[in-house]
Asker: 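So that we are looking at the same thing, I have put the structure below in structure tokens.
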Amino acid sequence: MNIQEVSVFIIYLVFMLGVGVWFFFRDKNQTEKGYFLGDRKMGAWVAALSAGASDMSAWVLMGLPTSIYALGLGQVWIAVGLALGYSLSWIYEAPRLRTFSITANDSITIPQYLTNRFLSKSKALQIISAVVFLVAYTIYAASSIKACGTLFNTVTGLDTTIAMYLAAVIVVGYTFLGGFSAVSWTDFFQGMLVLAAMFIVPLAADAMLEAGNFSPINDAAYWNAFSSWQEIVSGLAWGLGYFGMPHIIIRFMSIKSQPELRKSAKIGISWTAIILTFSAFVGVVGRMFIGFDEAVNNNSLVFIVMTRRIFPAIISGVILSAILAAAMSTADSQLLAAASAFASDVYRPVIRKDKAGNREMLWASRIVVLLIAIAALIIASNPNAGSIMALVSNAWGVFGAAFGPAILLSLFWRRFTFPGAACGIFVGAVVDIAWLMYMSHTGIYEILPGFCAGLVVAVLVSWISPLPSHEVEELFDKALAMSNE
């Protein structure tokens, strides 16, 4: 155990908890809208880096580089797909989602927005969405907690399971206390730290390679990015996930104005493009710098090993805190999004029949945060749960397939109906899971068939459903006019 690295970790964790405590006491009387959406007061920089950091979890520092390190340039298509999807979501989806969510009775969650978009009194869509949220976010949060455990174990020698529990306590602590504002501001700091780390490590390693400290990669297959059409199609399909990823697109709804949103889009797209480029660079340089090591591959350690070999302890402690930052910034957003879905879309309307007060809703949400974290810990501590990248892949696929088509159609198709949305979400999730279970041998990432199935079903059911009411069409037209201002 290196005392300097551990000291840096402790300082960083105390700072993150301090942010949550500060927002808890500053906003003691905050409303449900404040807890879940920061009262729609987020500025461009905080919203952009918060969206990016909540997306680019530890998998972009551990999972993706290690996939490229082990399997070759064919895995780079994941980064290409993500960059394209993220850019398109900011450019086309974000402006409309912000104004549509405001017009749709000032909705503060994605399921709530989809219901209000059709002026529906049915709770079916909210319940279906909340169930998908709880299942997928528990798996997603497990990947982040597992990454924290691996990092703590590598740096401190602390038992991996104990390290996972420690990380979960910290994340739950500031999410429980501060809500959306605390999560967004911690994500902002974490996003800056991740960006710095992704610049420094591969560039330093590359400099050492030029000095002759490397093992050349003589395997021609490693350098072939076009060896498999399945790799290319599946990699690009990752970009579809952004259109339905609740903890990311909820940031679009939180921005205070359309001009700020446009500014935020430029910041967010630039940040993500840089992160993904350097993530791929880490994988390739790491293979030459370290050589292939099965232990590095199995535990997703290429970034960690490079950092500890290149830098002195106090600097490596700061850089490795970026991995902790990445894992925590995604876990907190996932917990908050899942809690908001359950509290606002199931607890209040179904369990309490709209009788729950503001204080009761806040505490119900905090309890859900705690319960999901416990479930995620159980999954993460299971040795058969799969790698960090595998857990992220599973959750990403479900969200993208279920919500992507419904969100896009709700923003761009006036004829879209409530039954179409409900059926599309259900079918997208079911096909995604079924493909993962029974068709994964095809080499096609399950998000692609799931997204396509959800889109087709949503369109077909909408066509055979009665036309939207005049009021629903007016809502669409009003929101569209606002988004073009």
Side-chain angles (χ1 to χ4, degrees), residues 55 57-60 62-82 84-85 131-144 146-147 221-222 224-245 280 283 294 297-300 330 334 375-376 378-380 382-405 424-457:
D55 165 29
S57 180
W59 67 268
V60 83
M62 296 176 69
L64 181 57
T66 302
S67 292
I68 295 171
Y69 162 87
L71 302 176
L73 289 188
Q75 298 296 299
V76 169
W77 291 106
I78 296 175
V80 174
L82 290 170
L84 289 173
V131 170
V132 175
F133 270 44
L134 291 174
V135 173
Y137 270 134
T138 300
I139 297 171
Y140 212 149
S143 72
S144 299
K146 186 167 186 173
Y222 180 90
N224 188 359
F226 301 93
S227 60
S228 165
W229 68 267
Q230 289 97 332
E231 265 189 336
I232 297 172
V233 170
S234 295
L236 293 175
W238 275 77
L240 296 173
Y242 280 113
F243 300 113
M245 205 58 53
E294 193 60 47
N297 179 35
N298 290 338
N299 296 297
S300 304
T330 298
Q334 294 156 353
I378 294 172
I379 294 174
N382 185 340
N384 299 317
S387 67
I388 295 168
M389 195 67 175
L391 289 169
V392 171
S393 174
N394 297 156
W396 188 268
V398 172
F399 276 130
F403 294 105
I425 290 172
F426 178 77
V427 170
V430 169
V431 170
D432 178 272
I433 295 170
W435 191 277
L436 172 65
M437 294 175 63
Y438 304 111
M439 298 295 289
S440 57
H441 63 275
T442 62
I444 300 296
Y445 182 25
E446 63 268 16
I447 192 174
L448 183 58
F451 189 97
C452 292
L455 180 64
V456 170
V457 168

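Numbers here simply count residues along the sequence, with the first being 1.
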Asker: Check residues 233-240 and write down every donor-acceptor pair under 3.5 Å in which the side-chain atom is one partner and the other belongs to a residue at least two apart or another chain.
Answerer:
residue : atom : partner : partner atom : Å
Ser234  : OG   : Gln230  : O            : 2.9
Ser234  : OG   : Gly443  : O            : 3.0
Ser234  : OG   : Tyr445  : N            : 2.9

Asker: Angle class for the Phe243/Phe451 ring planes (parallel below 30°, perpendicular above 60°, tilted otherwise)?
Answerer: tilted
Asker: Whether the side chain of Trp77 engages the backbone of Ala225 through a donor-acceptor N/O pair (distance < 3.5 Å, no angle test) should be reported.
Answerer: yes
Asker: Drop me the distance from Tyr438's OH to Ile433's CD1, to the nearest 0.5 angstrom.
Answerer: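 The distance works out to 11.0 Å.
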Asker: Could you work out, with side-chain contact (heavy atoms from CB on, under 4.5 Å) as the rule, every residue matching Tyr222, not counting sequence neighbours?
Answerer: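 Here the qualifying residues are Ile68, Ile217, Asp219, Val284, Arg287.
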Asker: Evaluate the criterion side-chain contact (heavy atoms from CB on, under 4.5 Å) for residue pair Glu446 and Val398; output intermediate values, then yes/no.
Answerer: CA-CA 8 Å; Glu446 63 268 16; Val398 172; over 6 Å; no
Asker: Between Val431 and Pro449, which heavy-atom pair has the shortest distance, and what is it?
Answerer: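 Of all heavy-atom pairs spanning Val431 and Pro449, the closest is CG1-O, 3.7 Å.
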Asker: Quick one: sort the Tyr140 and Trp396 rings into parallel, tilted or perpendicular, breaks at 30° and 60°.
Answerer: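 Rings of Tyr140 and Trp396: perpendicular, as their planes differ by over 60°.
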Asker: Do you know which of Leu84, Leu82, Ile78 makes side-chain contact (heavy atoms from CB on, under 4.5 Å) with Val80?
Answerer: Leu84
Asker: Taking only residues two or more places apart in sequence or in another chain, which ones pass side-chain contact (heavy atoms from CB on, under 4.5 Å) with Ala401?
Answerer: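 Expected list: Asp432.
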Asker: Taking the inter-plane angle between the rings of Phe403 and Phe133 on a 0 to 90° scale, is it parallel (under 30°), tilted (30 to 60°) or perpendicular (over 60°)?
Answerer: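 The rings of Phe403 and Phe133 stand perpendicular, inter-plane angle above 60°.
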Asker: To the nearest 0.5 Å, tell me how far Ser393 OG sits from Leu436 CG.
Answerer: 7.5 Å
Asker: Let me confirm one number: the CD1-CH2 distance from Ile444 to Trp435, rounded to the nearest 0.5 Å.
Answerer: 7.0 Å
Asker: Return the minimal non-hydrogen interatomic distance between Gly454 and Val427, and the atom names on each side.
Answerer: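 Minimum heavy-atom contact is N-CG1, 4.5 Å.
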Asker: So which heavy atom on Ala429 is nearest to which on Val132, and how close?
Answerer: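 Closest heavy-atom pair between Ala429 and Val132: CB-CG2, 4.3 Å.
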Asker: Of all the heavy-atom pairs spanning Gly400 and Pro405, show the shortest one and how long it is.
Answerer: O-CD, 3.6 Å
Asker: Which pair of non-hydrogen atoms, one from Ala395 and one from Ala136, has the smallest distance, and what is that distance?
Answerer: CB-O, 3.5 Å
Asker: Distance check, rounded to the nearest 0.5 Å: Glu231 atom CD versus Leu73 atom CG?
Answerer: 10.0 Å
